[in-house]
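Keep in mind it's a predicted model, so treat the numbers as computed, not measured. In what follows, chains are A, B, ... by sequence order, proteins preceding strands, each numbered from 1.
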Amino acid sequence: MPEPKTVSKNPFRASSRKQKVKDGLGIGLFAIFTYIIMACAVVIIGKITLDGLPVILKSEAPFINTEFFTKKTMTLNQFDTAEGEMVRMDNDDFYAFKEKNPDAVINNHKTFSYAGGGIIGPIVGTFMLVIVCMTVALFVGISAAVYLNEYARKGKMLNAIRLSIMNLAGVPSIVYGLFGAAFFVHSPFFPVFTNTPDWEKALFAMPLWPTDGYLSFQGWGESLLAGGLTLAVMALPVIIAACEESLKAVPKGFREASLALGATKWQCIRTAVLPYAAPGILTASVLGITRVAGETAPIMFTAAVAGKDKLPWEDAQGTGLYWISDMMTQSVQALPYHIYVVTGKLPDDPALKNMQYGSVFVFLLLVISIAMVSVYLRARFRKNLKW
Amino acid sequence: MNDSSVTLDSADAPALASNEPIISIDDLSFSYDLGKTNTLRNISLDIPAGKVTAFIGPSGCGKSTLLRCLNRMNDLVDTAEVTNGKISILGQDINAPDVEAIELRKHIGMVFQKYNPFPKSIYENVAYGLRVQGIKNKSVLDQAVEESLQKSALWSEVKDRLNTSALGLSGGQQQRLCIARTIAVKPQIVLMDEPCSALDPIATARIEELIAELQQDFTIVIVTHNMQQATRVSDRTAFFYLGELIEYDDTSNIFGKPKIKQTEDYVSGRFG
Amino acid sequence: MAKHFQRQGKRILGLDKQSWIKGFFGGNAGISIVVLFLICFFLMLEALRFFPAHHEGLKVYRQSGQEYVGHLINQAEGYQEFVSFTNQAYFAEYDARFSKERGIKDSWDALLGEIEDEGEDLAEALEDARDEEDEAAIAKAEADYSAFLEELTSEVERESIDSFGRLAKHDDAWEQLLEAARTYDPVEEDTPEFVSQAVKVQKEGMSDFTKAKDEISSAGTSLKDLRSKLVGITAEIAKDAEADKSAVARKEALLEGADTMEGEARVAAIEEAEKIVIRDEFPYGERVKPLEEAKGAHQKAVAKMSAGLVAGIEKIPDQLSSEKAAELVTKIKKGEKRFLENVDRSLGQASEWKYDQEVGFWNSVAKFFFGRDWITNSSWTDVYGLQPLLLGSVLISCIALFFAVPLSIGAAIYVNRLATLKEQNLIKPSIEMIQAIPSIVLGFFGIMILGQQLQDWSQAAWVPEMFRINDRLNAFNAGLLLALMAVPTIFTLCEDALNNVPRAYSEASLALGASKLQTVTRVIVPTAISGILAAVLLGLGRVIGETMVVLLVAGNRISMPDWGQGLGIMMQPTHTMTGIIAQEMPEVGEGTLHYRALFLVGLVLFTISLAINITAQRIIKRLGNA
């Protein structure tokens with residue numbers, strides 16, 4: 001061995017370069033994988049922001065394109081003026097323009113459905129769907145979590161419930177959509193208040209004296225209620241799991257102390273458990289919103305329509321209960337479905353670009369901010385978990 | 001590159017002059033939080049080769065921390081750092097930049113408080129240290145496994161089921177397996193961090209016997225809570241209190257005629 | 001005394017308040033079971049009714065002879081493809097060989113059209129003048145007309161050569177053409193010599209190919225005729241059979257209606273009702289006789305077609321000057337043998353057709369699960385075969401997992417074991433952000449940006465031929481996006497699994513002198529492997545059930561993957577189970593066969609995802625405790 005031995009007084013010098021190189025390469029590879037994922041996210045979000053931001057901004061005060069948020073979705077007109085300049089305007093502006101200038105030369109007039117105006121309809125629809133969904137899902141989800149964590153004893157029943165919840169979490173969203181279509185939309189088990197029951201579909205209709213209306217069991221059709229409940233069913237497993245987590249985090253000692261002082265089970269839950277689980281439950285609800293707000297497939301056949309000129313409350317007929325019932329059984333526009341319509345269903349054209357990127361950007365912004373809130377809340381909640 | 005170039009035997013370690021300590025700690029201070037508070041303060045002590053040295057002291061006195069400094073396991077904590085002094089092992093400052101922690105750990109084995117065999121077969125557990133050094137030769141591995149298990153007095157109990165999971169052994173057996181795993185790579189020093197605390201008295205006795213036998217081949221540093229154990233197994237004892245070394249002497253002196261009051265109070269059970 | 005420790009408070013229906021509260025919570029928990037049950041129930045309710053209806057449809061298909069005609073249609077349509085390829089090749093060759101001659105002819109036709117359009121009045125005046133044989137008028141009309149021609153030609157020459165296309169390249173001919181136009185006589189309407197010459201040259205020059213083309217296209221005519229005749233007959237039979245089923249009801253309805261009428265109308269209605277024949281069984285045997293009789297003609301027509309095809313292909317000239325034509329001809333020759341075999345087979349099947357042969361119930365099941373076509377809204381008959389959709393879903397899932405699995409496991413290992421705290425605090429929330437990106441947004445990205453980008457990249461020189469992308473929307477594009485969707489799922493679960501590996505293991509490994517990487521690969525990953533496996537499975541579940549991305553991006557072409565392309569099948573547009581439901585569900589009527597077929601696809605999807613879920617849970621349970 002020609003290598004001089006004197007170099008190595010240090011018995012702990014790195015002996016094999018090979019292993020070190022291997023280590024470096026391996027760790028580097030894992031790091032690269034990680035950052036590839038991050039880069040993908042950055043590219044997607046960045047690209048959409050870059051193209052979407054200009055749609056909702058404008059150069060003069062208030063710098064926000066308020067029309068895009070306040071106008072309803074309508075047809076976009078594209079034409080060339082006499083000077084050969086191409087102009088695009090939505091139906092409202094177009095008819096106003098024509099009224100003002102009846103002699104205006106309009107060449108190459110083209111129209112694009114759903115590509116003009118703003119997105120107030122889809123935004124309102126999405127919000128209402130989420131509200132319906134979360135009302136139901138939170139009510140059922142929190143109660144279920146309380147039962148599972150506070151009341152249930154180990155046994156077959158509990159196993160069956162847990163198994164169902166786990167399996168529900170894995171069901172594809174489109175299957176929820178099919179279920180919603182068959183159950184909430186088409187099956188006649190769900191009642192509406194109406195003056196004009198659909199006798200063909202109705203199982204039966206109960207006259208509601210003294211009004212001349214009926215409680216008609218005729219199914220909800222494609223509606224806010226059907227869509228919201230379909231989404232609620234989908235959000236249930238997430239909410240139950242998250243609520244349970246927060247209930248579990250409440251120390252056993254609280255319950256024991258409360259019970260030892262003579263509280264009933266319900267008093268114990270009400271005073272010694274739920275208040276301390278509340279922040280976690282809030283996190284759970286926000287988490288649930290992120291799960292449902294972004295979904296398209298479950299509302300495609302249960303609630304969403306491509307175009308509607310009126311907001312649900314503007315379109316509702318009747319008074320009181322009838323008005324509410326009518327509003328809740330309206331079909332609505334929804335942001336994700338609107339995006340699907342303007343990108344997937346219409347033939348592509350540069351004229352659609354504004355509507356496409358604008359809606360996608362607003363939607364992404366909405367969903368990501370809710371997700372961020374949930375991440376933040378959870379982080380805070382976990383940090384504060386030291387009782 | 002052949003397998004034998006990797007240290008299987010301790011031949012390439014520099015020979016120590018007799019009486020020269022194998023581990024020499026000089027004015028060591030150590031912090032877990034980037035120097036804000038020192039967990040260990042100004043510790044100096046020399047550990048002789050071929051002997052069993054025990055670290056004793058109440059919980060939180062820093063004895064385990066010091067042990068983990070010796071094979072640089074504290075590197076795993078991002079904010080841990082040696083703030084003062086140095087540790088020399090075999091004459092080498094182990095925190096010097098050209099020291100590779102991995103190489104260091106090949107020379108200094110460690111047995112943990114809670115036995116922690118891998119969820120692998122008994123054979124694979126013992127062979128693990130050699131495999132990560134790149135040894136693939138089956139007969140070398142077989143031999144090393146048998147030898148280590150013999151030494152740790154486990155061979156007769158497990159030789160028929162080397163390929164069954166190590167997690168099927170009893171607690172005491174698992175801890176001896178961990179010792180076998182440690183000595184399979186032929187370290188010069190074996191660090192033991194309360195190796196018996198999770199075991200029943202019978203299993204403890206067997207481990208203590210084993211320590212006595214291993215003393216012939218290895219320098220052993222053992223952290224223990226149990227003062228009887230220290231008297232039974234160790235030649236030298238160091239007593240720590242609140243991050244400082246209070247007294248360090250032959251075991252018989254520490255327990256027989258301690259020089260310092262605190263030591264006396266502790267060994268006689270008057271505080272803690 | 002004993003009363004002290006007894007329950008207090010009111011009881012309702014024998015239960016006290018606490019029990020009621022417990023029952024309320026329990027009931028809500030039970031909803032999850034009820035919902036799962038309802039999902040199963042409603043999916044099955046619609047889906048399983050598919051089979052009887054489908055069976056009935058298949059029976060009618062056979063009995064009415066549509067099955068027989070189906071074979072014939074396939075043969076004829078297969079042949080039509082050859083005819084159209086031959087025609088395309090012919091015209092490509094034609095263009096290549098006689099671009100000048102064709103240019104002359106086309107340009108002349110165009111020019112002539114212009115002249116006749118613009119100079120109609122003048123031409124009439126000239127004709128009138130000639131009829132009246134008035135010398136002066138003739139001279140004037142002729143002068144006018146030639147002035148018009150002069151003006152027109154010079155205008156054409158000046159401005160719009162481009163609109164006369166092909167000739168611009170051949171200036172001499174162009175000049176000649178304009179000259180001829182200047183001296184054109186609208187009454188005689190004679191074609192200039194050089195134009196007719198060009199036409200003649202073309203005709204003669206293409207004669208070799210023309211013969212081949214004519215041979216091929218004429219060979220198929222008798223089959224085509226037969227087809228249209230038999231299609232009409234069978235459609236009639238099917239319609240009548242359908243009417244027969246409702247005969248009783250219709251008759252009753254008519255008679256009932258007649259009761260409410262008076263006088264002549266009543267008599268007419270009753271007469272009409274009497275006309276409705278009520279039979280126990282529809283006389284298929286009698287009605288399909290023409291088909292039985294046509295079998296001979298069918299055989300003959302097919303024989304003629306096959307012979308014609310072989311002979312025609314023989315006659316196609318070997319030397320072709322057009323590359324495109326050569327390509328097409330190679331394609332034709334390649335397909336020839338397979339087509340002839342297919343025709344033989346289908347002819348055999350057709351000849352075995354008997355209207356009264358039993359259609360087994362399992363036939364309808366097998367046709368769905370193993371059918372290789374999914375054809376809806378067709379003019380002939382709808383076919384529901386799961387295979388192309390199932391394979392599409394599987395293909396896309398494979399692509400997605402191929403990318404997602406290494407990326408997310410690698411990232412999980414990195415974040416959990418190797419990264420610094422700072423990195424962890426950056427990466428984990430970012431990956432949760434990815435989870436929050438809605439699938440429709442990813443689909444949007446795929447359709448608007450990624451598709452074009454991938455197609456452009458795939459044109460690079462170093463990319464192997466089979467990976468060239470022809471369609472912007474394809475399985476690969478969708479697979480990549482789905483990979484990004486699967487990453488957060490796999491990553492999170494993987495990280496959990498790695499987190500559950502006791503710290504003691506890694507300490508022991510490191511204390512033995514193993515490096516970080518060795519510790520990870522030899523101890524931590526093997527220990528966490530069950531969790532990682534389950535994570536991958538759940539990732540698969542997420543990918544296979546994803547809808548919007550595949551609906552927008554996968555290309556939605558329903559066809560069996562062409563295995564001959566090797567890995568190139570990744571670059572093909574495809575359709576999926578989720579995609580078909582989303583696409584067709586809004587368009588079908590409730591309760592139709594098509595509606596039920598879609599529910600059946602949904603049921604298959606549901607079953608697959610349940611199976612995946614349960615397997616994942618089992619893996620965690622079984623291996624997790626080892």
Side-chain angles (χ1 to χ4, degrees), chain B residues 6-7 67-68 70-79 100-121 124-134 165-168 174-175 177-187 189-193 198, chain C residues 409 412-428 493-535 618-626:
Chain B
V6 187
T7 47
L67 196 73
R68 295 169 82 91
L70 298 181
N71 66 345
R72 282 179 60 183
M73 283 300 275
N74 284 325
D75 286 13
L76 301 182
V77 182
D78 285 338
T79 54
E100 181 75 30
I102 293 169
E103 276 318 304
L104 175 71
R105 292 180 195 139
K106 286 178 189 166
H107 287 79
I108 305 174
M110 187 166 193
V111 177
F112 295 84
Q113 191 168 1
K114 176 89 171 88
Y115 42 83
N116 57 356
F118 300 127
K120 295 172 184 271
S121 69
E124 282 305 323
N125 261 287
V126 181
Y128 181 85
L130 301 172
R131 284 199 193 273
V132 298
Q133 290 184 21
S165 169
L167 302 183
Q174 289 197 22
Q175 188 63 301
L177 179 66
C178 291
I179 294 174
R181 182 175 67 183
T182 307
I183 61 180
V185 292
K186 304 226 161 135
I189 303 169
V190 176
L191 310 176
M192 295 186 174
D193 189 357
Chain C
I409 294 181
I413 290 172
Y414 184 73
V415 170
N416 196 266
R417 297 283 156 166
L418 305 169
T420 61
L421 206 66
K422 244 188 203 164
E423 278 182 299
Q424 286 187 23
N425 287 340
L426 170 74
I427 295 165
K428 279 201 205 171
L493 293 168
C494 248
E495 225 229 306
D496 281 351
L498 292 173
N499 239 346
N500 287 338
V501 176
R503 209 184 148 74
Y505 290 165
S506 64
E507 283 199 337
S509 169
L510 290 169
L512 284 166
S515 67
K516 264 188 172 183
L517 188 71
Q518 284 175 323
T519 304
V520 164
T521 55
R522 284 163 189 259
V523 177
I524 293 167
V525 171
T527 308
I529 195 73
S530 61
I532 295 175
L533 215 66
R618 283 253 166 104
I619 286 178
I620 293 176
K621 227 183 195 171
R622 187 175 300 170
L623 295 174
N625 297 337

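- When all heavy atoms of C:T519 and B:Y128 are compared, the closest pair comes out as CA-OH, 3.9 Å.
- Scanning both residues, B:I102 and C:A514, for their nearest heavy atoms gives CG1-O, 4.1 Å.
- Among all heavy-atom pairs drawn from C:A511 and B:N71, the shortest one is CB-ND2, 4.2 Å.
- In this structure, the portions of C:S509 lying under 4.5 Å from any heavy atom of chain B include both its backbone and its side chain.
- Between B:R68 and C:E507 there is a side-chain heavy-atom pair separated by less than 4.5 Å.
- Interatomic distance, B:R72 CZ to C:L510 CG, rounded to the nearest 0.5 Å: 12.5 Å.
- Tested against C:L512, the residues B:R181, B:M110, B:K106 include a single side-chain contact (heavy atoms from CB on, under 4.5 Å) partner, B:R181.
- Between B:N116 and C:A504, the shortest heavy-atom contact is ND2-O, 2.9 Å.
- Within the model, atoms OG of C:S515 and CD of B:E103 stand 10.5 Å from one another, a figure rounded to the nearest 0.5 Å.
- Annotation: the span from B:R131 atom CZ to C:Q518 atom CD amounts to 12.5 Å, rounded to 0.5 Å.
- Atom-to-atom distance recorded for B:L76:CG and C:R503:CZ is 6.0 Å, nearest 0.5 angstrom.
- Proximity to chain C is absent for every atom of B:L104, based on heavy atoms less than 4.5 angstrom apart.
- When all heavy atoms of B:F118 and C:Y505 are compared, the pair lying nearest together is CE2-O, 3.2 Å.
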